[in-house]
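What follows is a single structure, written as structure tokens, with notes after it.
Fair warning: this is a prediction, and the values are worked out from it, not measured in the lab. Reminder, nothing fancy here: chain letters follow the sequence lines and each chain counts from 1.
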Protein chains: 2
Amino acid sequence: MSRPPLTRDEVLTAAAHLVKRHGPDALTMRRLAADLGTAVTSIYWHVGNRESLLDALVERTVADLGEIRPRGATPHARVVSVARALRRQLRAHPHLVAMVHERGLTERMFLPAQQALVREVHAAGLRGVRAADAVRAVQFLVVGHVLVERNRERSPVQRPGEGDLWGEQAEKDTAPGSDRALARALAAPVDPERVFTTSVSALVKSLLAAGT
Amino acid sequence: MSRPPLTRDEVLTAAAHLVKRHGPDALTMRRLAADLGTAVTSIYWHVGNRESLLDALVERTVADLGEIRPRGATPHARVVSVARALRRQLRAHPHLVAMVHERGLTERMFLPAQQALVREVHAAGLRGVRAADAVRAVQFLVVGHVLVERNRERSPVQRPGEGDLWGEQAEKDTAPGSDRALARALAAPVDPERVFTTSVSALVKSLLAAGT
DNA sequence: ACCTGAACACCGTTCAAGT
DNA sequence: ACCTGAACACCGTTCAAGT
């Protein structure tokens with residue numbers, strides 16, 4: 001009736017499973033122990049404490065993300081494709097993003113895309129500090145955007161929202177300089193995909209222009 | 001010896017005080033009750049539960065942020081100034097940012113700057129959907145950046161960091177196409193202020209170019 | 001209308017004790 | 001080396017009872 005000896009790896013796998021199925025909040029030491037069929041205190045022997053369990057979990061998941069391959073003919077298209085790929089990877093692991101952010105490890109989410117970005121920016125003719133600035137600008141934009149986007153999805157209804165604010169403006173007849181199409185666009189729900197595309201494309205365009 | 005009757009407002013003020021002095025984690029119902037000199041359960045009568053206490057707290061703090069006034073001569077300078085002002089406001093309330101984000105109310109952080117942005121973008125000649133896209137792009141960039149930035153500050157030492165990754169590259173002698181200045185720049189610690197300026201300026205430049 | 005203490009169902013963590 | 005149960009110091013929340 002006795003289970004085979006517990007391993008650190010087994011603990012991590014069970015933890016990952018728990019997070020994937022029931023969200024990060026479900027990952028309590030006691031529930032994890034129950035899933036594993038051991039005493040809570042056994043887990044402590046293998047992973048130290050909750051903090052380092054989460055650290056290890058984040059590390060493992062990030063390592064599994066996989067490489068990013070740029071696509072496209074122009075430098076602009078290739079850099080944008082890296083940004084899109086990074087966003088897609090992160091959005092495929094929403095719980096990971098939340099966990100990494102909660103633990104203050106946001107920088108960790110940068111690394112998978114960094115090599116690819118460096119190569120592309122260099123190929124586009126940027127050098128030295130200017131190239132580094134461009135890489136960082138894209139990284140911050142993508143990760144920041146994913147954080148904002150994920151967060152908006154978590155609580156879709158916001159109380160005094162843009163809709164209420166601009167909806168009435170869109171109805172009003174025009175004071176000089178007013179723009180009903182604008183008001184209507186702001187009253188409509190945000191399309192994050194669209195915002196992302198607009199932002200990345202615009203940002204990259206300016207950044208690469210500095211290289212020519 | 002009996003204290004005057006508790007009010008909802010008093011609860012919120014004490015909660016804000018607690019968060020400001022000891023961080024969001026210190027805001028427990030029990031500790032709050034202790035600070036107020038009442039029973040824990042009294043708080044529930046006034047604010048419902050912890051959820052709605054946090055909601056009310058966020059709402060109140062956001063309302064106190066104050067208006068944003070654009071500065072500068074050119075449209076570009078004025079939009080950038082709004083972005084900087086929003087960032088400064090948010091960074092002045094780090095706990096607020098954390099709380100708003102945790103509660104999935106990121107959109108809430110947009111609103112203070114939105115009117116100002118709309119006005120400036122319109123003045124720059126953008127109209128309708130295109131203007132709305134520009135406003136949103138700037139908003140997402142600023143809020144996303146602040147989230148990333150705050151988060152990096154929370155845990156300054158990251159284990160397999162950029163430094164380790166690029167530091168050795170900077171030492172190596174050059175494979176074809178390698179760029180030691182770039183490697184050195186990436187090995188150095190990030191200057192978020194610089195990244196922010198670069199990003200906003202580049203983004204706004206492209207966005208406004210579409211209006212002429 | 002407002003406050004209270006007791007109680008419930010949870011947490012993470014420590015520790016002495018087992019094999 | 002690995003596992004265990006008991007215990008500690010916390011949580012948020014409910015509820016019946018007080019004034």
Side-chain angles (χ1 to χ4, degrees), chain A residues 1-59 95 98-105 154-155, chain B residues 1-59 95 98-105 154-155:
Chain A
M1 229 33 236
S2 76
R3 63 184 317 295
L6 194 61
T7 65
R8 181 188 156 86
D9 220 65
E10 210 177 337
V11 173
L12 287 181
T13 305
H17 190 73
L18 199 48
V19 169
K20 183 179 282 178
R21 304 250 307 195
H22 302 98
D25 287 350
L27 179 50
T28 72
M29 302 303 267
R30 287 176 143 92
R31 171 141 191 196
L32 184 54
D35 284 8
L36 285 164
T38 54
V40 204
T41 39
S42 303
I43 300 177
Y44 281 84
W45 197 92
H46 285 283
V47 299
N49 55 19
R50 191 165 189 272
E51 281 286 281
S52 33
L53 167 63
L54 290 182
D55 276 339
L57 195 56
V58 161
E59 208 53 50
H95 296 323
M99 286 172 55
V100 169
H101 186 72
E102 268 167 38
R103 328 221 56 249
L105 300 175
R154 253 188 46 199
S155 103
Chain B
M1 233 31 236
S2 76
R3 62 185 317 296
L6 194 61
T7 65
R8 182 189 155 85
D9 220 66
E10 210 177 338
V11 173
L12 287 181
T13 305
H17 191 72
L18 199 48
V19 169
K20 183 179 280 177
R21 304 250 307 194
H22 303 99
D25 287 350
L27 180 50
T28 72
M29 302 302 267
R30 288 176 145 91
R31 172 141 190 197
L32 185 54
D35 284 8
L36 285 163
T38 53
V40 204
T41 39
S42 301
I43 299 178
Y44 281 85
W45 198 92
H46 285 282
V47 299
N49 55 18
R50 191 167 189 272
E51 281 286 281
S52 35
L53 168 61
L54 290 182
D55 276 341
L57 195 55
V58 161
E59 209 51 52
H95 297 321
M99 287 173 54
V100 170
H101 186 73
E102 269 165 39
R103 328 220 57 249
L105 300 175
R154 253 187 46 199
S155 103

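Regarding B:L53, its CG atom lies at a distance of 14 Å from the C1' atom of D:dT13, rounded to whole Å. Atom CZ of B:R8 and atom C1' of C:dC2 are 16 Å apart (whole Å). Taking atom CG of residue A:L32 and atom P of nucleotide C:dC10, one finds them 17 Å apart after rounding to whole Å. D:dC15 atom P lies 17 Å from atom CH2 of B:W45, rounded to whole Å. Atoms CE (A:M29) and P (C:dC10) sit 18 Å apart, rounded to a whole Å. In this structure, CD1 of B:I43 is placed 14 Å from C1' of C:dC2, rounded to the nearest angstrom. Taking atom CG of A:D25 as the reference point, atom P of C:dA9 lies 21 Å away to the nearest angstrom. In this structure, the CG atom of B:L27 is 12 Å from the C1' atom of D:dG12, given to the nearest Å.
In terms of phosphate contacts, B:H46 brings no side-chain nitrogen or oxygen within less than 4.0 Å of OP1 or OP2 of C:dA1. The shortest distance between the side-chain N/O atoms of B:T41 and the OP1/OP2 oxygens of D:dT13 is not below 4.0 Å.
Backbone-only engagement by B:T28 is indicated by non-hydrogen atom pairs under 4.0 Å involving sugar-phosphate atoms exclusively.
Of all heavy-atom pairs between A:R50 and A:L27, the closest is NH2-O, 2.9 Å.
Distances were taken from every side-chain heavy atom of A:Y44 (C-beta onward) to each of D:dC3, D:dT14, C:dT13; the shortest belongs to C:dT13.
Each of A:V40 and B:A39 was matched to the nucleotide of DNA chain C holding its nearest heavy atom; the match closer to the 5' end belongs to B:A39. Where A:R30 and A:T38 each meet DNA chain D at their nearest nucleotide, the meeting point lying more 5' is that of A:T38.
At least one donor-acceptor pair closer than 3.5 Å links the side chain of A:H46 to the backbone N or O of A:L6.
A 3.5 Å limit on both hydrogen-bonding distances identifies no Watson-Crick or G-U partner for C:dC11. C:dT4 is paired with D:dA16 under the Watson-Crick or G-U wobble criterion, all donor-acceptor distances under 3.5 Å.
Atom CD1 of residue B:I43 and atom CG of residue B:N49 lie 12.0 Å apart, to the nearest 0.5 angstrom. To the nearest 0.5 Å, atoms CD (A:E10) and CG (A:D35) are separated by 11.5 Å.
Side-chain contact check for B:S52 and B:D55: no donor-acceptor pair (N or O, by modelled atom type) lies under 3.5 Å.
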